[in-house]
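In the text below, chain A, chain B and the rest are named by the order of the sequence lines, each starting its count at 1. Remember, predicted model here, so these are calculated numbers, not experimental data.
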Number of protein chains: 2
Amino acid sequence: MLTEKDRNHLKRALESIGLRPTRQREHIYSVILRKRDHPTADELFARAKEEMPTISLATVYNCLETLVEADLVRQVNLERGPSRFCPNQSQHAHFHCRKTGKIFDIILPDEIDADLRSMLPDGFEAEHIELSYTGFTAAEVTSSHRN
Amino acid sequence: MLTEKDRNHLKRALESIGLRPTRQREHIYSVILRKRDHPTADELFARAKEEMPTISLATVYNCLETLVEADLVRQVNLERGPSRFCPNQSQHAHFHCRKTGKIFDIILPDEIDADLRSMLPDGFEAEHIELSYTGFTAAEVTSSHRN
DNA sequence: CTAGGTGCAAAAGGTTTGCGGTTAA
DNA sequence: TTAACCGCAAACCTTTTGCACCTAG
């Protein structure tokens, strides 16, 4: 279930791109908000079905595309393989552990966006900057850090 | 055709991971070095066939995987869709133009790697850092900047 | 001789599309 | 009422795999 605040946020974001807040879109949004990992479309499909058994995988893909367009969800493609999705929120990088396959959010200092942007030569205008790390995590991190 | 220098580089890199410098691997390496864009496996297949008509797409994939493992080639996954490949070389970021679909290399200052690495919390050990920008390029850039 | 490589064709993901039916402004 | 949306199944595209043949150490 969505809080009133999140529902309004969704409603406004969708309306701003001329689309309707349907049951399915609301549900997918609530599912992706509920657990802050980086699920694939397929994983979201499985979770979404628990409360909405009739939803289809194609609809999940459609809803996700819509949510990404509405800037409510970020689509992350680190490795080859399925895209992963996360609720947009603050500026952060991703760390992909090669041992566990888990993805962790790395909080970044506020200035980083401007810093990285300043490295672009003239004529390049960045809408979005994606920073991602690949490597290994110490065992204790895996449990303490939100993934 | 590969220069003597590049051929030796390839030979050493492959031997270091216990693999042989075959005709196909040499050819794919030379094709990817020749034109410094960011081709997909399929595009490389097309280019490779011009001089080696019998090579197969599966072999192109196999060779690319090998070259990536040997650290001679970098595999880049920015958007969903086919992976792109580039000869490894120096530390650089990628800029993906949403209008033209082109990918540009962005040269980074040397310190950037250490700077970005320093932002990781304890317990995270990065092997590789990937920085990518998505946005638009001014018209004149498209022709002047190497893509 | 034999482990590693190649080419082919088929299969396997992951995602998109077309279409008939449904739903909400 | 009508444009947007959904669910289903089929199509699609990229990549991987299995297997028979080949080739260099």
Nearest whole Å is fine: how far is [N] [atom2] from [X] [atom1]?
{"X": "A:Glu65", "N": "C:dT15", "atom1": "CD", "atom2": "C1'", "answer": "10 Å"}
{"X": "B:Leu64", "N": "C:dG5", "atom1": "CG", "atom2": "P", "answer": "15 Å"}
{"X": "A:Asn62", "N": "C:dT16", "atom1": "CG", "atom2": "C1'", "answer": "8 Å"}
{"X": "B:His27", "N": "C:dG5", "atom1": "NE2", "atom2": "P", "answer": "18 Å"}
{"X": "A:Glu43", "N": "C:dT15", "atom1": "CD", "atom2": "C1'", "answer": "16 Å"}
{"X": "A:Arg84", "N": "C:dG13", "atom1": "CZ", "atom2": "C1'", "answer": "14 Å"}
{"X": "B:Arg23", "N": "C:dG7", "atom1": "CZ", "atom2": "P", "answer": "8 Å"}
{"X": "A:Arg80", "N": "C:dA12", "atom1": "CZ", "atom2": "C1'", "answer": "12 Å"}

| remark: In the 5' to 3' direction, the nucleotides of DNA chain D bounding the stretch that comes under 4.0 Å of a heavy atom in chain A are D:dA4 to D:dT15
Quick check on the hydrophobic clustering: are [X] and [Y] connected, directly or via other members, by side-chain heavy-atom contacts under 4.5 Å?
{"X": "B:Val60", "Y": "B:Val76", "value": "no"}
{"X": "A:Leu108", "Y": "B:Ile129", "value": "yes"}
{"X": "B:Leu14", "Y": "B:Ile55", "value": "yes"}

| message | Please confirm whether the ring centroid of A:Phe124 lies under 6.0 Å from the ring centroid of B:Phe104. | response | yes
| query | Nearest of C:dG5, C:dT6, C:dC8 to any side-chain atom of B:Leu19? | reply | C:dG5
| said: So does A:Asn77 get a backbone contact from the side chain of B:Arg80, meaning a donor-acceptor N/O pair under 3.5 Å? | reply: no
Is the phosphate of [N] approached by [X] (side-chain N or O, under 4.0 Å from OP1 or OP2)?
{"X": "B:Gln24", "N": "C:dG7", "answer": "yes"}
{"X": "A:Tyr61", "N": "C:dT16", "answer": "no"}
{"X": "B:Thr22", "N": "C:dG4", "answer": "no"}

| Going by heavy atoms in the side chains, are B:Arg84 and B:Thr40 under 4.5 Å from each other? | yes
| said: Is there a side-chain contact between A:Met119 and B:Leu131 in this structure, where contact means two heavy atoms from C-beta onward sitting under 4.5 Å apart? | reply: yes
| request: Between B:Cys63 and A:Phe85, name the one whose nearest nucleotide on DNA chain C is closer to the 5' end. | output: B:Cys63
| Contact class for A:Ile55 vs. all strands (heavy atom < 4.0 Å): base, sugar-phosphate, or nothing? | sugar-phosphate
| message | For a quick check of understanding: with a heavy-atom distance under 4.0 Å over all strands, which category does B:Thr54 fall into, base, sugar-phosphate or nothing? | response | sugar-phosphate
| Trace of the side chain to side chain contact (heavy atoms under 4.5 Å, CB included) decision for B:Thr66 with B:Leu72 | CA-CA 9 Å; B:Thr66 301; B:Leu72 292 163; over 6 Å; no
| message | As a quick check of understanding, evaluate side chain to side chain contact (heavy atoms under 4.5 Å, CB included) for B:Thr134 and B:Arg98, giving each step before the final call. | response | CA-CA 7 Å; B:Thr134 310; B:Arg98 292 225 296 148; 3.4 Å; yes
| task | Measure the acute angle between the ring planes of A:His38 and A:His94, then classify it against the limits of 30° and 60° as parallel, tilted or perpendicular. | result | perpendicular
| query | Angle, rounded to 10°, between the helical axes spanning five pairs at each terminus of the helix from C:dC1-D:dG25 to C:dA25-D:dT1? | reply | 30°
